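Encoded as C-alpha cells, the structure appears first; notes follow it.
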Amino acid sequence: MKGQAIQLQTPLSESDVRNLRRGDVVEITGMIYTGRDAVHKYLHDGGESPVDLNGSIIYHCGPVMVQENGVWVVKAAGPTTSIREEPYQGDLIRKFNIRGVIGKGGMGKKTLDACREHGCVYLHAIGGAAQVLAERIVRVDKVDFLEKFGSPEAIWHLVADKFPAVVTMDAHGDSLHEEVEGISRQKLESLF
Amino acid sequence: MKTSKKRPSVVRKTKKAGKSNLDPKILEATFLEIIRRTSCELPGDALNAIRAGQKREKPSSLGKYALGVVLENVELARKNSLPLCQDTGTVTFYIKHPHEIDESVLKRAASAATAKATAMGYLRQNSVDSLTGKNSGNNLGPGSPVFYIETWRNPSMDIRLILKGGGCENVGTQYSLPNVGLKAGRDLDGVEKCILDAVFKAQGKGCGPGILGVCIGGDRASSLSMAKKQFLRPLNDTSDNKDLAKLEKAIVKKSNSLDIGPMGFGGETTVLGCKIGALNRLPASYFVSLSYMCWAYRRQGATVGLDGSLKGWLYPTGAAGGTKTGAKSGKATSAKAKPARTGSVKTKPVKTGSAKKGGRR
C-alpha cells in the first residue's frame, strides 16, 4: 500500500487494469454487478447475460437486501469466498470482457491466467466488513434473476461510491495470495 | 406407598414455582436483546485485541489498512445497530438455569426471539433444509438454533450466545494423533503442530485475524463442541492448567510469526487469541479439534433473573460511548434498564428506517 487509494471509475478499460499492481488499494466508483454461484454456472453453461458486462466489475456477494417504500436498500454487503467460482471465472472474464472481480480469499491459477492474458484484476474486499461496504453502495438500480435464483444469488446492479478493495491478483500474473502462502509455508516448516 | 405419594407432590411444587416467576414475554425480550447485541456489537476484549493488532502492523501496510476498515466497520455496526457481518451465522445458545425452570420454556422463548430477530434483520435467513435446500426463512428448524442447556444451583440464569459465520466455520478441523504428514506425535508438541497447520490452511479464508478454540481429547463429537465452547472464555484470561496456558501463549506467538496477517494480506496479526481445553479420552484415541472464529468475534451473554429480566452483561462491549442500553462495563446494570433495552430494540430495527437516496438507513 502506497499512501492514497487509486480511484477507479467503471466501466474499466484494459489500460486502467494493466496499470494496477498487486498490493494497490483502490476505491471503485460506478456500477458494480453482484454474481455468485448460480450466476456463474448459468453464464458458463451458455446462458445470456441480462446486462452488458463489457468493462464491468463482478462482485462475489450475497447482500442483505430490503425493499423500503418500493426502493431496494442494501443492509449488509460483504464479500463471499471466491474460490467456489474458480471453475467458471476465467472463461467468463474472456467471454464477457470482465475487467474486475471483487471477492474474498483469492482465486486460483485459471483465473490468474485469464487476468494476465485478457487484462483483468482480482480485488479483495475486507471480509466481514459488511457495514463499511454497504455504506459505499449509494443506490440500487435494478435486479435481474431475483425470482430465478433468489435474493443472495441474483444480479444486483449496485452504484458504488469509493468502494474500497485491495488488488491481490493483477494483470501481470502476480498473486498476493500465492506470495503470502509461500512465505508462511516456509515459516511454518522452520517452526516444525 | 409413602414415597410414591411424596414424589409427585415435589414435582408439582417445582413446576409451580417455575411458572409463577418466569414471564415468557420478558424472557423473549431478553433473548432478543442478547441476539441484537451479539450481532451488532463486538465485545471489548476482541475490540481491544484488534486495536492492538492494528497498532502493531507496519505503517502503510495492507494489514494495517485492513484492520482500519474492520475498526470502522465495528463502529458503524454499533452506531446503527446493524449486523457486523452479513453472515450472522449459526445461532448457538449456552444456558445455565436453576432446576425449577422448565427447559422447554427457555427453548420456546429463545426460538421466538430468534425468529423475531430474523424478521428485524439482526439475523440473516440462515437455516436451510439440508435435503431440499429450502430456507426456513426464520432461522428455525431441526438443529436451529443450537442449544447447550444445563442446570446449576445459582438463583439466576446465565444465557450466552455465539454467532459464527460459515466462512470461519468451514476452516474448523479435527486431527487424530499421531499424524505422520505433520510428524506430530501424541504429546503437546504434536498438538501444537496440528494447530499451526490449521492456522496455515485457514489463511485468507476465515476472515482473519482469527480466534482459535481448541480441545485436546474427548471423542470426535465432544471434542469439537468443547473446542467451540472455549470461545466463551475472556480473550485475555489464562488457563488454569499451566501446560495449556503455556501452549496457548506459544500458539499465539508462533501463529503471528507466520506472516499471514489480517485477511491473509501478510503481516503480524494472524490470530487474536487461542483458548485450549482438554477432555479425557480413550487410550486408543487422541483427537485435536479446532474451531476457528473470524475477527467478528460475536459472542455475548447476560445474567438473567428468574422472572426473565436482563440483569447485566457478561462481556463488556468496551466501545467508546457505549449504547443506549447503557452497559459499558460487564457489571450488572439495574433491572430497571430492561424497558429501555426493549425500547432500543424497537426504536432501532433494521427495517424501519426509510432510505431517501436508496442507500442504507
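Chain naming here is simple, since letters A, B, ... match the order of the sequence lines and numbering starts at 1 in each. It should be emphasised that the depicted structure is a prediction, and the values quoted were computed from it without experimental measurement.
For the pair B/W295 (side chain) and A/G127 (backbone), a donor-acceptor distance under 3.5 Å is present. Using modelled atom types, one side-chain atom of B/Q86 and one backbone atom of A/G78 make a donor-acceptor pair closer than 3.5 Å. A/Q131 places no side-chain N or O within 3.5 Å of a backbone atom of B/C85 that could act as its donor or acceptor partner.
Taking non-hydrogen atoms and a 4.5 Å limit, the residue list of residues 145-174 of chain A in contact with chain B, ordered by number, reads A/P164, A/A165, A/V166, A/T168. At a heavy-atom separation below 4.5 angstrom, chain B is approached by A/I183, A/S184, A/R185, A/K187, A/L188, A/L191, A/F192 within residues 183-192 of chain A.
Within the 4.5 Å cutoff, side-chain heavy atoms of A/V25 are placed close to those of B/L62.
Take A/E86 and apply the side chain to side chain donor-acceptor pair (under 3.5 Å) test, not counting sequence neighbours, and it matches A/T111. Residues passing the side chain to side chain donor-acceptor pair (under 3.5 Å) test with A/Q89, sequence neighbours excluded: A/H40, A/H60.
Comparing B/I260, B/V199, B/N135, B/T270 by heavy-atom pairs within less than 4.5 Å of chain A, the highest count is held by B/I260. The candidate with the highest count of non-hydrogen atom pairs below 4.5 Å against chain A, out of B/S257, B/S255, B/A296, B/G208, is B/S257. Comparing B/E72, B/E192, B/Q125, B/K183 by heavy-atom pairs within less than 4.5 Å of chain A, the highest count is held by B/E72.
B/L84 touches chain A through its backbone: at least one of N, CA, C or O sits under 4.5 Å from a heavy atom, while the side chain does not. For a residue to count as touching a neighbouring chain, one of its non-hydrogen atoms must lie under 4.5 Å from one of that chain's; by this rule A/E179 does not touch chain B.
In B/K193, the NZ atom is crowded: over 12 heavy atoms of neighbouring residues, nucleotides or ligands sit closer than 6.0 Å. In this structure, A/K110 places its NZ atom where more than 12 heavy-atom neighbours from other residues, nucleotides or ligands lie under 6.0 Å away.
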B/D259 and A/V180: CA distance, side-chain angles, deciding distance, side chain to side chain contact (heavy atoms under 4.5 Å, CB included) verdict: CA-CA 7 Å; B/D259 209 11; A/V180 173; over 6 Å; no
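Closest of all the heavy-atom pairs between A/I126 and B/M263 is CG2-CE, 3.8 Å. Scanning both residues, A/G62 and B/R124, for their nearest heavy atoms gives O-NH1, 4.0 Å. Considering all non-hydrogen atoms of both residues, B/N73 and A/A129 come closest at OD1-C, 3.0 Å.
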